Each structure stands twice: as structure tokens, then as C-alpha cells.
Amino acid sequence: MEGVLCYTVIQIYFDDLLKGEYVENRDRIVITGVGLTSPIGDTYADMRRALLEGRGGIQDYEIRYFGKTFAGICNYDPLKYQTRKEVRRGTRAGSIGIYCANEAVVDSGIDWACVDKSRVGVYIGTTEHGNVETENEVYVISQHNYDTGIWTHHHNPRTVANNPAGEITLNMKITGPHYCIGAACAAGNMGLIQGLQMLRLGEVDFALAGGVSESIHTFGIFAAFNNQGALAKGGDPLKACRPLDTARNGIVVSEGGCVYALERLESALARGAKIYGEIAGYGVNSDATDFVLPNPERQAECVRQALTKAGIEASEIDIVNLHATGTHSGDSQECVGLRLVFQDCPQTYFNTTKGFIGHAMGASGALELAGNLPAFEDGFCHACLNLDDLDPECALPNLVMGEPRRLDRVRYLLNNSFGMLGINAVLIVKRYETQYNG
């Protein structure tokens with residue numbers, strides 16, 4: 001009987017927690033630094049400027065075996081935080097992660113030399129890792145009669161699943177936990193969610209969390225999307241990625257990364273840190289229906305789960321960033337799910353980011369959040385790029401087309417990220433306020 005009573009009390013607690021009734025008693029986790037590289041800028045400010053000015057960053061691109069295509073390419077300086085030898089020994093994903101993580105720490109204003117590195121965690125979302133390095137080594141031995149004697153001894157540490165996060169810890173002398181979160185194209189959001197959870201559990205005091213992608217350096221991803229009929233083709237590269245448009249014809253693959261400095265509110269306030277926003281809620285679930293085709297009902301459930309954890313109604317969300325990859329089924333099905341949730345929300349606005357930067361895979365969720373986060377300060381919802389003829393199946397109220405829209409209020413952002421094998425991750429970020437009113 002005592003065991004049953006204990007179980008009942010615990011169940012009631014978690015039921016109330018899910019309803020948001022314990023939100024004031026939980027640790028409040030805030031964003032205090034942002035480091036990124038994207039096809040439209042290598043800083044938070046530069047990326048925002050490009051989004052508001054309507055400047056995309058997709059380029060013509062050619063890769064071994066596959067040939068000519070389009071891609072989003074980053075132009076950050078890898079030698080800002082690494083030596084040439086370190087860049088050669090490591091991976092592109094690791095280098096992107098190192099750049100972004102260091103930039104996030106600098107942006108946070110924390111006295112890094114005095115931080116206990118054993119209390120810092122690194123949580124990096126990735127779509128896949130190791131394909132680039134394996135393809136490169138196979139190509140090298142193919143030029144030498146497939147002699148594996150010349151296969152690099154760096155291959156194993158380059159291709160292990162924890163590589164990008166591990167490279168960050170080596171570079172920054174972090175001795176706390178590190179790992180990568182494999183969650184397909186939901187991985188960027190998942191990196192942030194993992195950082196939030198570890199801070200709330202008290203496992204770390206400072207987290208570097210987000211996502212990275214080196215996907216444009218593997219010909220396999222282009223070939224696979226092409227053979228699936230899901231790769232954008234033809235015409236002007238700046239018009240190639242057209243989410244929600246009737247002329248959309250597939251994904252533009254991009255590289256990039258975005259890492260956030262996360263910490264407990266009490267820590268941020270104690271050191272007088274600038275606070276970009278507060279993570280208010282999240283949702284994670286699985287479709288369990290198909291390898292690649294989305295399930296709008298499960299996506300809607302994920303959004304509702306995030307709203308419940310944040311303790312708010314759908315009508316309180318000011319900006320929703322769609323995952324919107326530029327594929328016909330993906331875009332239309334996501335909009336079906338969003339209409340199920342936001343059918344009567346006249347103050348909620350919708351936008352997309354991939355028209356500007358393409359699909360940065362494991363980095364996409366984290367980068368797209370960074371695109372909207374400045375709205376807390378400047379009040380603008382950036383527009384969708386290349387949305388010239390809206391597909392009626394993708395119609396949403398207050399979809400921002402053409403020019404950025406200045407909003408009367410920006411208090412809550414909702415960021416959608418969905419991936420293959422039916423992984424869904426939704427993140428809600430709140431404008432920082434001194435009192436948590438739900």
C-alpha cells in the first residue's frame with residue numbers, strides 16, 4: 001500500500017509538471033551567448049542583417065562524382081581558433097563547432113579563464129557524421145590501387161559519433177561531459193534541449209549547445225536526395241530553395257553551425273550577463289509511421305507538448321519558424337499540422353529561413369532559432385525568401401512574405417525541427433522577463 005501511495009504521489013507530481021503548474025519551481029535556463037557560421041554570415045548580427053535585407057546565400061557548387069548542384073557554403077575563418085595542423089587533423093564539422101563554441105563563449109562575456117571546465121557540458125546535434133571522412137579516404141586509396149596501407153590513422157577519431165563535440169572540448173580544454181545528439185534534421189533543437197536538461201539536473205553549470213553540419217562535403221547526400229527526387233535543381237542558385245512556393249522542387253544542402261551558451265538564470269544575473277532569451281518549453285516525439293514521410297498529427301502533438309511545458313496557449317506564440325525544407329510533401333504536411341494547432345491565433349506570425357541558407361541539416365534548428373531570436377530586440381519577423389507564389393496547401397494566417405513585418409509584440413518564439421525516421425523537436429524561447437508569468 002505504501003508503494004502504491006508513493007507511486008501515486010510521484011504520478012500526480014509529474015502530471016502537474018506537464019501542465020506547467022511547477023514551472024516557477026524549476027530552474028530557469030537562459031541564453032547568454034550565440035556563436036554561428038552560416039551561408040549568409042559568420043556572426044549573429046550579420047546573419048540577422050541578411051535576413052532583414054532579403055539576401056540569400058546559396059551558390060553554385062560542384063562535388064566529386066555527383067557534379068554540379070547548389071549548396072550553402074560558410075566562409076568563417078577556421079584559423080581564428082585553430083592552427084593549420086589542428087584543422088588538417090580534425091574534421092570540418094569539428095572545426096565549425098570549435099569556431100561557433102568559442103564565439104559563443106566570447107559573446108557570453110564570461111571570464112573563461114576562471115570557469116571550472118569540469119562543470120561545462122558540450123551537447124552538439126548532428127544529422128550524420130563520418131561520411132565525409134570515409135568518402136575522402138576511399139577516394140585516396142582508389143588512386144593507389146586500393147592499398148589500405150595509406151589509409152589515415154586519424155580516421156577513427158575523425159569518424160566517431162562524438163567527434164564534433166569532442167573536438168570542441170579538446171580545443172577549449174573542457175573536462176565536463178560531451179556528446180553528440182543524432183536526431184537527423186531535428187538535431188539542432190535537440191542539442192539545446194539536452195543542454196537545458198543537464199543544467200536543470202545540476203550535472204553542469206554552463207552548457208555549450210546547438211548543432212553543426214558538414215554535409216555539403218559528402219557526395220552521397222546529394223546523390224541520395226537526387227535519387228529520392230528531393231534535391232533542388234535548375235536555374236538561379238539564389239532562387240533554388242523555395243519553401244512553400246508552388247515552384248519548389250527540393251532541398252538545397254548546406255553546411256553551418258550554431259552553438260549557444262546556456263546557463264541558469266541565477267548564474268547569468270550574478271555576473272550581469274546579457275540575456276538573449278529564456279527557454280520556456282520544448283517537445284520531442286516520434287512519428288512511428290515512415291522512414292522519410294512526415295506525420296502532421298504527430299508534429300502537431302509535438303508542438304502542443306512544447307506549449308504545455310511552457311504553460312502557455314498557442315495564441316501567445318508570436319513567431320513560428322517552420323522547418324519547411326522546400327519539398328512538396330514535407331512543406332504541405334507541416335502546414336497541415338500547424339493549422340491544427342494555430343487555427344485561431346490572429347497574433348501569431350509564420351516565417352521560414354531555409355530560402356536564405358538552404359538546409360543545414362543538424363545545424364538547421366539552432367541556426368534558424370538564431371535568425372528569429374533578435375526579434376525580441378528589434379520587433380521584426382523576417383520574411384520568407386523566394387516565396388513568390390504560395391502553394392494553397394501551405395497557406396497559413398500571417399505568413400510573412402515579401403518584406404519583414406514589424407510586430408506589436410514579440411514575447412514567444414516557436415522553432416520547428418523535424419527529421420528522417422520521424423523525429424520531431426519543437427523549442428519555445430521566451431523574451432527574458434524578471435517574473436515568470438507562464
Side-chain angles (χ1 to χ4, degrees), residues 27-37 41-47 74 76-125 157 162-181 191-192 194-212 256-279 363 366 370 373 432:
D27 285 327
R28 296 169 63 179
I29 308 304
V30 295
I31 297 168
T32 56
V34 185
L36 64 83
T37 179
D42 302 318
T43 69
Y44 182 71
D46 287 346
M47 180 178 175
C74 295
Y76 74 100
D77 179 10
L79 300 181
K80 187 172 182 178
Y81 299 107
Q82 293 179 278
T83 65
R84 294 185 185 278
K85 180 178 180 180
E86 288 168 340
V87 172
R88 287 196 304 271
R89 181 178 182 179
T91 66
R92 178 70 170 182
S95 178
I96 289 172
I98 288 167
Y99 176 86
C100 294
N102 276 279
E103 290 284 284
V105 166
V106 171
D107 188 52
S108 76
I110 198 167
D111 186 350
W112 188 242
C114 295
V115 170
D116 180 355
K117 307 303 190 298
S118 71
R119 297 293 298 168
V120 178
V122 181
Y123 311 104
I124 303 298
N162 62 311
N163 173 278
E167 285 201 46
I168 291 171
T169 63
L170 288 169
N171 176 270
M172 302 180 73
K173 307 306 178 186
I174 295 168
T175 58
H178 83 266
Y179 44 87
C180 292
I181 296 91
L192 280 157
Q194 186 66 34
L196 166 85
Q197 291 173 333
M198 295 294 276
L199 282 162
R200 283 183 171 169
L201 287 171
E203 296 293 325
V204 296
D205 296 323
F206 192 84
L208 293 170
V212 300
C258 185
V259 174
Y260 294 86
L262 304 181
E263 54 190 301
R264 298 183 191 90
L265 176 61
E266 59 185 4
S267 167
L269 292 177
R271 65 183 189 85
K274 176 181 178 179
I275 296 174
Y276 286 94
E278 179 176 353
I279 301 179
L373 202 56
Y432 170 66

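Please read all numbers here as calculations on a predicted model, not as lab measurements. In this chain, numbering begins with 1 at the start of the sequence shown.
Taking CD1 from Ile275 and OH from Tyr432, the interatomic distance works out to 4.5 Å, rounded to the nearest 0.5 Å. Rounding to the nearest 0.5 angstrom, the gap separating the CD1 atom in Ile31 from the CD atom in Glu278 is 10.0 Å. With rounding to the nearest 0.5 Å, the separation of NZ in Lys173 from NZ in Lys117 is 11.0 Å. In this structure, Ile279 CD1 and Tyr260 OH are separated by 9.0 Å, a value rounded to the nearest 0.5 Å. If you take CG on Asp27 and OG on Ser267, they are separated by 11.0 Å, rounding to the nearest 0.5 Å.
Of all heavy-atom pairs spanning Ala370 and Cys258, the tightest one is CB-SG, 4.0 Å. Closest approach of Ala268 and Thr32 over heavy atoms only: CB-CG2, 3.8 Å. Nearest heavy atom pair, residue Leu79 against residue Asp77, reads N-OD1, 2.9 Å. Of all heavy-atom pairs spanning Val259 and Ala104, the tightest one is O-CB, 3.4 Å. Contact detail for Leu36 and Cys100: the closest heavy-atom pair is CA-SG, 3.6 Å. Listed here is the closest heavy atom pair of Gly211 and Ala366: N-CB, 3.9 Å.
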Which is it for Leu199 and Val204 under the side chain to side chain contact (heavy atoms under 4.5 Å, CB included) test, yes or no, and what are the steps along the way?
CA-CA 5 Å; Leu199 282 162; Val204 296; 3.9 Å; yes
I'd like to know whether Tyr44 forms a side chain to side chain contact (heavy atoms under 4.5 Å, CB included) with Asp107, so could you lay out the CA-CA distance, the side-chain angles of the two residues, the decisive distance to 0.1 Å, and finally the verdict.
CA-CA 10 Å; Tyr44 182 71; Asp107 188 52; 5.9 Å; no
Derivation and outcome, side chain to side chain contact (heavy atoms under 4.5 Å, CB included), residues His178 and Ile168
CA-CA 9 Å; His178 83 266; Ile168 291 171; over 6 Å; no
Dump the intermediate steps for side chain to side chain contact (heavy atoms under 4.5 Å, CB included) on Ile174 and Leu208, then the final yes or no.
CA-CA 10 Å; Ile174 295 168; Leu208 293 170; 3.9 Å; yes
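Taking the side chain as every heavy atom from C-beta outward, Asn163 and Cys180 never approach each other to under 4.5 Å. Between Val115 and Ile110 there is a side-chain heavy-atom pair separated by less than 4.5 Å. Inter-residue side-chain proximity for Glu203 and Pro177 is flagged as unmet; no heavy-atom pair is nearer than 4.5 Å. At least one side-chain heavy atom of Ile98 sits less than 4.5 Å from a side-chain heavy atom of Gln82. Residues Ile29 and Arg264 are in side-chain contact: their nearest non-hydrogen atoms beyond the backbone lie under 4.5 Å apart. Within the 4.5 Å cutoff, side-chain heavy atoms of Ser95 are placed close to those of Tyr76.
Distance alone, capped at 3.5 Å, is enough to place a donor-acceptor pair between the Ser108 side chain and the Val105 backbone. Here the side chain of Lys274 pairs no donor or acceptor atom with the backbone of Gly33 at under 3.5 angstrom. Formation of a donor-acceptor pair under 3.5 Å by the Tyr99 side chain with backbone atoms of Gly35 is not found in this model.
Applying the salt bridge (Lys or Arg N to Asp or Glu O under 4.0 Å) criterion to Glu167, with sequence neighbours excluded, gives no partner residue.
Looking at Tyr123 and Gln197, their side chains never bring a donor and an acceptor atom within 3.5 Å of each other. Between the side chains of Tyr81 and Glu103, a donor-acceptor pair is found at a separation under 3.5 Å.
Residue Arg119 places its CZ atom among more than 12 non-hydrogen atoms of other residues, nucleotides or ligands, all under 6.0 Å distant.
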